[in-house]
Every structure is written in structure tokens, then in C-alpha cells.
Protein chains: 2
Amino acid sequence: MDVARLAGVSQSAVSRTFTEGASVSPKTRAKVMKAADELGYGPSIIPRIMLTHRSSLIAIVSGGLYNPFYASVVEALAQAIQKSGSNVMFFSVNHGEYIDEIIPDILGYRVDGIISALSIVSPEAAERCAKMHTPVVLFNNKLSNEWVASICSDNVEGGRQIASLFLKRGGKRFAYIGGKKGNLASEDRFAGYLAGLMREGVTDVAVTYGDFRHDEGYEAARKLLAAKRPPDAIFCANDLMALGAMEAAKAAGLRIPEDVLIAGFDDIPAASWPSFDLTTIRQDGDAMIRRAMDLLSKMIDGEQLAGNSLHLIAAPLVERGSTARAVPAG
Amino acid sequence: MDVARLAGVSQSAVSRTFTEGASVSPKTRAKVMKAADELGYGPSIIPRIMLTHRSSLIAIVSGGLYNPFYASVVEALAQAIQKSGSNVMFFSVNHGEYIDEIIPDILGYRVDGIISALSIVSPEAAERCAKMHTPVVLFNNKLSNEWVASICSDNVEGGRQIASLFLKRGGKRFAYIGGKKGNLASEDRFAGYLAGLMREGVTDVAVTYGDFRHDEGYEAARKLLAAKRPPDAIFCANDLMALGAMEAAKAAGLRIPEDVLIAGFDDIPAASWPSFDLTTIRQDGDAMIRRAMDLLSKMIDGEQLAGNSLHLIAAPLVERGSTARAVPAG
DNA sequence: GGCAATATTGCATTGCTATGCAAAAAAGGT
DNA sequence: ACCTTTTTTGCATAGCAATGCAATATTGCC
């Protein structure tokens with residue numbers, strides 16, 4: 001190697017200079033450092049990966065960063081990973097897409113683990129990872145095997161809580177604005193909402209979809225509110241759409257919460273801005289990340305998961321002004 | 001190798017099976033594939049990196065994803081990189097921090113290039129990268145050498161435009177809410193703003209700082225507006241703070257734009273939501289990304305940059321309701 | 001069938017760092 | 001100065017895929 005030659009020492013000496021706690025004399029280290037500085041050399045971790053079969057790489061698979069919830073989860077995850085001494089590979093995928101095509105890419109880098117924040121993993125892809133003993137943690141998913149764990153907000157319970165709240169606040173005509181059709185989180189939130197409403201005898205819930213985006217939430221709400229018998233309580237699959245729905249309600253001349261109750265899911269920062277003051281279900285991103293890192297590091301250390309590893313994270317109701325209607329007399 | 005043994009072929013045959021266009025008989029390929037499937041084998045790109053000195057990795061260094069502008073830039077960048085056949089390493093840093101400490105980490109992975117979205121790179125760190133011939137592209141920075149290019153929105157001109165607009169709309173008492181003190185983008189925007197105002201004889205501009213965050217923008221504006229002689233025109237270093245400032249103005253019972261003009265910078269989606277309708281300067285993220293990818297791929301292909309490589313990207317004014325005051329008589 | 005042309009396969013090597021082991025050097029003790 | 005103990009150093013090797021080259025197998029054609 002160039003540095004070794006320039007410093008007049010062996011390659012081992014160079015390696016030891018850059019290895020914490022290795023046996024090198026200060027003199028040698030100095031010579032090596034000088035040569036390294038001169039050549040702009042720094043050690044490569046690539047051969048280490050080959051030898052140790054540990055890349056110190058964690059893959060984050062995500063997308064939809066227009067949603068502040070995901071953006072902050074990705075950032076906090078990255079920080080947690082870096083703090084743990086690993087580094088992050090980021091794979092961008094679109095909402096709801098299967099990530100099967102990029103799995104070979106990911107595994108090709110011999111990442112130590114994979115955290116998928118929103119994409120769908122097929123059972124075959126999961127099997128593939130399991131065979132390579134590459135642990136996987138999924139957010140808001142329910143798949144699991146010995147190398148795949150899932151961490152899920154309690155979406156059903158969240159939906160149920162919104163239902164109770166709407167009923168308590170005098171909601172009469174209910175609507176739901178979902179994310180993508182078939183999206184697990186969206187469907188679970190709806191399931192809980194519907195169950196909560198049905199328990200009180202409500203049978204009719206207007207359902208539309210809005211792809212999780214603000215503008216689609218606006219549009220969906222606009223249509224709902226323009227109906228002959230418009231809803232007076234709208235639950236949205238996420239906050240971004242709920243904010244859009246609030247805009248639509250205001251544009252239609254409706255007052256919130258007097259004329260229409262609105263609630264979302266996530267508790268993004270904008271939900272608490274005074275202009276919105278949106279009631280929502282808080283997804284505890286920090287708890288999800290803690291749990292994910294914990295599971296991942298255990299699996300990386302060789303600990304297989306016992307059977308069904310599905311972790312439900314509590315998602316508490318955060319009531320704000322958008323549902324603060326006084327209980328009506330009737 | 002296990003797969004080769006199981007398939008009863010040589011290691012070369014396995015390699016060729018997974019190499020597009022290599023010479024393998026269908027029979028051999030089938031045997032290899034069967035064995036690979038059985039063992040869950042997929043080729044590693046790690047040895048390839050050692051041989052070719054190309055990792056197909058691009059490092060994105062960023063942070064502050066709470067700002068939708070950065071979140072969307074990071075996501076779009078990642079997509080552009082993946083489309084170009086490379087993959088993304090993501091390094092999270094805090095706003096305004098020097099990234100010098102993580103540069104060795106980044107270079108250790110032998111990334112093909114680095115794109116830094118908001119962190120500051122010291123000249124020494126830049127030199128370090130240059131010595132390894134690792135190209136670097138910086139966003140909203142002005143450093144450059146033969147391996148470092150900078151891509152910068154025209155922040156000064158943006159500030160100037162806001163100044164003209166405020167003057168045209170009858171602003172009398174001006175304020176600026178900056179990001180972090182010393183932040184280049186924030187300072188440049190202020191410099192342009194100040195220059196534009198001074199050209200018309202304005203000498204007095206109230207300046208505070210808000211760390212680029214919504215809540216800090218709120219707080220900064222609240223204080224400004226509570227002063228004895230409150231401003232009637234506030235320019236904020238980014239949209240997030242401008243939205244906070246709007247909230248503060250509303251909370252103080254002021255009408256926008258009648259009582260106070262407010263403008264931001266970035267043109268994040270929320271700026272165009274009806275509740276805000278915020279005048280702003282649009283940062284053309286797509287153009288910045290296109291330029292970045294273009295420069296990066298040229299440098300990766302060995303093309304050194306000619307001298308000063310500082311690229312200014314036009315940042316047009318987007319006027320909306322928050323400055324739509326009719327020209328006052330006086 | 002026999003020969004040339006083509007296709008397929010295996011061997012051996014490359015790339016760079018970490019590390020066990022043995023050799024060499026330095027330090028410590030009397 | 002000599003021997004023991006400790007520290008430092010270099011050698012050699014492993015890890016895995018890609019590839020030039022030579023060897024072998026297959027095909028095509030008369």
C-alpha cells in the first residue's frame with residue numbers, strides 16, 4: 001500500500017494505527033499519520049465487511065417524506081442508528097409499493113438490518129431476508145417470522161377512540177377519509193372507527209380515499225361536504241388530510257367544531273398550530289424507534305425472535321379544538 | 001463458496017450466472033439458480049467495490065427534515081440517485097453543524113460522491129475529500145475547489161425582491177426573522193433584503209433569530225409585534241417561521257396583509273394552503289437536484305471542475321395573499 | 001466422422017484490511 | 001552487561017466476486 005511504503009512500515013502497522021487500542025508505538029503511529037495526511041488516506045471499511053460479515057449498515061426503506069411524521073421518523077431513526085455506531089443506507093420507495101425489487105440491492109450491500117417504514121414486504125421477500133439472516137423490522141405492518149418483526153401503532157384502538165369522541169361531541173353523520181385503498185394502517189383505523197360507531201348503533205359511514213396527501217384530503221372533504229346530507233364528523237387517516245379537510249370546511253363556510261368535527265391521525269406539529277388546533281391520535285414515533293432499535297440489535301446479535309413478533313404501540317388521543325364542541329342539548 | 005459446491009460448478013460460474021451478459025449455459029445457470037435459491041444466496045457487491053473502486057454509493061448529508069423543503073429535497077435526491085443506478089447513504093447532521101467528524105466515516109465507505117444539503121463543510125474537510133478524489137456537491141453554500149461544487153439559490157436576489165414588494169405594498173416599518181445566526185442562506189437573504197430597503201432610504205430594520213422552526217418564528221414575531229413601534233412588514237428566512245409569524249400576528253389580533261405584511265422563503269406546500277396563502281420566494285429544488293446530479297456524475301467520471309464552481313439557481317417571487325395589500329393612498 | 005469455429009468452464013489473480021503467530025525490539029531488573 | 005518480560009513489528013492469510021487466459025466441451029458443416 002502507498003501509505004505503508006511512504007511511511008516505511010508494513011501494512012499491518014498502518015492498519016493498527018487506525019485501529020482503536022491496537023499495539024503501535026507512538027513513533028510508528030506518527031510516521032503513518034504523516035504519510036496518511038500527505039496522501040489523504042483513510043482506511044476503508046470495505047475489506048472489513050468482507051472479513052467480519054458485518055457492514056455496520058442499516059437500511060431504512062421509506063418514502064412519503066412529504067408527511068412530516070415520516071420525515072421525522074426517518075431522521076430520528078437515522079440519528080439513533082448513527083448513535084449506535086452504524087450507518088444508514090436509505091432506499092426511497094413509494095407509498096404502498098412492494099419493495100421486492102430492491103431487496104436484492106439491499107442485501108447485496110450486506111446490510112446488518114433493514115427497517116421499513118412504509119413499504120409493503122411480500123412474504124417471499126421476507127423469506128429471502130430470513131434465509132440470509134438479515135433482520136427486518138417493519139413499521140405499521142403485521143408480518144413476522146423468525147427474522148422479521150413488526151411494530152404497529154394501535155390503529156384500531158385509535159379509530160375507536162375517535163368514534164367515541166365524535167359520539168360524545170354530538171356527531172350524527174359520520175365520514176372517513178382513508179389513505180390508499182388497501183393500506184393496512186388506513187384500513188385498521190377505519191375498522192376501529194367503524195366498530196366504535198356501530199357499537200352505538202351507527203350504520204352509515206361515508207367513505208372516500210385521499211392518498212394521504214393534504215390536497216387530496218381537501219378535495220375529498222369538499223366533495224363530502226357538498227353532498228345533500230353532508231357529514232358533521234370527519235375522521236381522516238392522517239393529519240395531513242385532516243388539515244386539508246379543515247381547509248375545505250372553512251372554504252365551504254362551515255365552522256369547526258360547531259358545524260363539523262374533524263380529527264386526524266399522527267399528531268404532526270402543524271396539528272397543534274393555532275390555525276388548526278386539530279384533534280388527533282398521536283403516533284409515538286420515539287417509542288416505535290426505540291422498540292425497533294432494540295429488536296434489531298437483538299436480532300443482529302443473533303437472537304432469533306420467538307414466534308409471533310408483533311408489537312403494538314399505544315397511540316393516545318390528543319383532543320384539541322377541532323372537536324371541542326360542547327355537548328349539544330339534543 | 002457454498003453455492004458453487006452445492007451446484008457442482010466453479011465459483012466463476014456462479015459469478016457469471018449473476019452477471020448480465022456473461023457466458024453461461026442455460027444448464028449451468030439453472031443449477032446455480034437452484035442452489036442459490038436453496039441457500040438464499042445473492043451476490044455481494046462488496047468485493048466488486050474493492051476491485052473496481054466504485055461503490056455505487058452516494059452520500060446524502062442532511063438534517064432538519066422537519067422543514068418540508070429539506071424533506072422533499074432529500075427524497076427527490078434519493079430517487080434521482082436510485083434512478084441513476086446508485087444507492088444512497090444517509091448521514092443525519094444538525095443544522096449548521098460542521099460535518100468534519102463524520103467525513104472519515106463517509107469516506108471509509110468509499111462513496112462515489114457526497115451531496116450535503118445543509119451542513120457546513122470546513123475547507124480542511126473539503127481538502128480531505130479532494131485528496132481522495134471524492135466529489136462533493138454542497139447546497140446553499142459557496143465553497144468550491146476542483147472536487148467541490150456549490151449550488152445555491154439566489155438568496156440575495158430573493159431578499160431584494162421581498163424588499164421591493166414590501167415597499168410597493170406600502171410597508172413602513174420592517175423586520176427580519178433570521179434562521180441561525182451566521183447561517184449563510186439566512187444572512188444572504190437578509191443582505192438582499194437590507195440592500196433593497198436601503199436603496200429606498202430605509203435604514204431601520206428590526207432583526208431577530210428563530211432557528212428556522214415554526215415555533216421560534218411564532219415567538220420571534222410575537223416579540224416583534226409586542227414592541228412599542230411594531231413592524232408592519234416581516235420577512236422570514238424560511239416559510240416555516242413565516243407561518244409561525246402569521247399565527248403570532250393573528251393571535252395578536254392583526255390582520256394580514258392589512259395590518260402586517262409577511263413573507264417567507266422556500267415555497268413549501270403549506271405556504272399555499274388557504275389558511276396561510278403566504279407570499280414567498282420559491283427555491284427550485286428540482287433544478288438544484290438536476291444540477292447536482294449533473295455535476296456529480298461529471299466529477300465521478302473524472303472530469304475536474306474548472307476553477308470556481310458556484311452555481312446560482314434562480315429563486316422567483318411567488319406573491320400570495322399575505323402581501324396582497326392594495327397600494328395605500330399615503 | 002473429422003475439422004474448424006464457437007461456446008462454456010475452471011484456474012488463478014486482484015483488491016485491501018484485520019489478525020494470529022512468530023520474530024524482533026525495547027524495557028525492566030539485578 | 002545479561003536475562004526476563006513486555007511491547008512492537010512484519011509475515012502470511014482470509015474474505016468474495018470479477019475477469020483474462022487457457023483448457024475443454026459443444027456445435028456446425030462438409
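So you know, we letter chains A, B, ... as the sequences are listed, proteins then strands, and number each from 1.
Dashed line: the shortest gap from a side-chain N or O of B:Y41 to OP1 or OP2 of D:dA17 is under 4.0 Å. An OP1 or OP2 oxygen of C:dA18 is reached within less than 4.0 angstrom by a side-chain nitrogen or oxygen of A:R48. Of the side-chain N and O atoms in A:S23, one or more sit less than 4.0 angstrom from OP1 or OP2 of D:dT8. Put simply, A:S15 has a side-chain N or O that comes within less than 4.0 Å of OP1 or OP2 on C:dA18.
Comment: A:D286 does not engage A:R290 in a salt bridge, judged by the lack of any side-chain N to carboxylate O separation of less than 4.0 angstrom. By the 4.0 Å N-to-carboxylate-O rule, B:E38 lies close enough to B:K34 to be salt-bridged with it. Ionic pairing of A:D188 and A:K142 is present here: one or more N-O contacts between side-chain nitrogen and carboxylate oxygen are shorter than 4.0 angstrom.
In this entry the distance linking CZ of A:R16 with C1' of C:dA18 reads 9 Å, nearest Å. Taking atom NE2 on A:H53 and atom P on D:dA14, their separation rounds to 13 Å, with Å as the unit. A:R110 has its CZ atom 10 Å from the C1' atom of D:dA17, to the nearest Å. The CD1-C1' distance, from B:I49 to C:dT17, rounds to 14 Å in whole Å. Taking atom CD on B:Q11 and atom C1' on D:dG20, their separation rounds to 14 Å, with Å as the unit. Atom P of nucleotide D:dC16 and atom CG of B:L39 are separated by 13 Å, given to the nearest angstrom. Across the protein-nucleic acid pair, A:I45 atom CD1 and C:dA18 atom P stand 9 Å apart, rounded to whole Å.
In this structure, A:F18 has its ring center closer than 6.0 angstrom to the ring center of A:Y41.
At a cut-off of 3.5 angstrom, the base of C:dC11 holds no donor-acceptor pair with the side chain of B:S10.
Nearer to the 5' terminus of DNA chain C, by closest-nucleotide assignment, is the contact made by A:M50 (compared with the other of A:K27 and A:M50).
Contact record, B:N141 with B:I120: ND2-CA, 4.3 Å, taken as the closest heavy-atom pair. Closest approach of B:G285 and B:V73 over heavy atoms only: CA-CG2, 4.4 Å.
Using a 4.0 Å heavy-atom cutoff across all strands shown, B:T52 reaches no nucleic acid atom at all. Within the 4.0 angstrom heavy-atom criterion, only backbone atoms of the sugar-phosphate kind lie near A:S44; the bases stay farther away.
Nearest to the side-chain atoms of B:L51 among the listed nucleotides C:dT8, D:dA18, D:dA12 stands D:dA18.
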Secondary structure of DNA chain C in dot-bracket form (Watson-Crick or G-U wobble, distances below 3.5 Å, | marking inter-strand pairs): ||||||||||||||||||||||||||||||
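Within a 6.0 Å sphere centred on NZ of B:K131, other residues, nucleotides and ligands contribute more than 12 heavy atoms.
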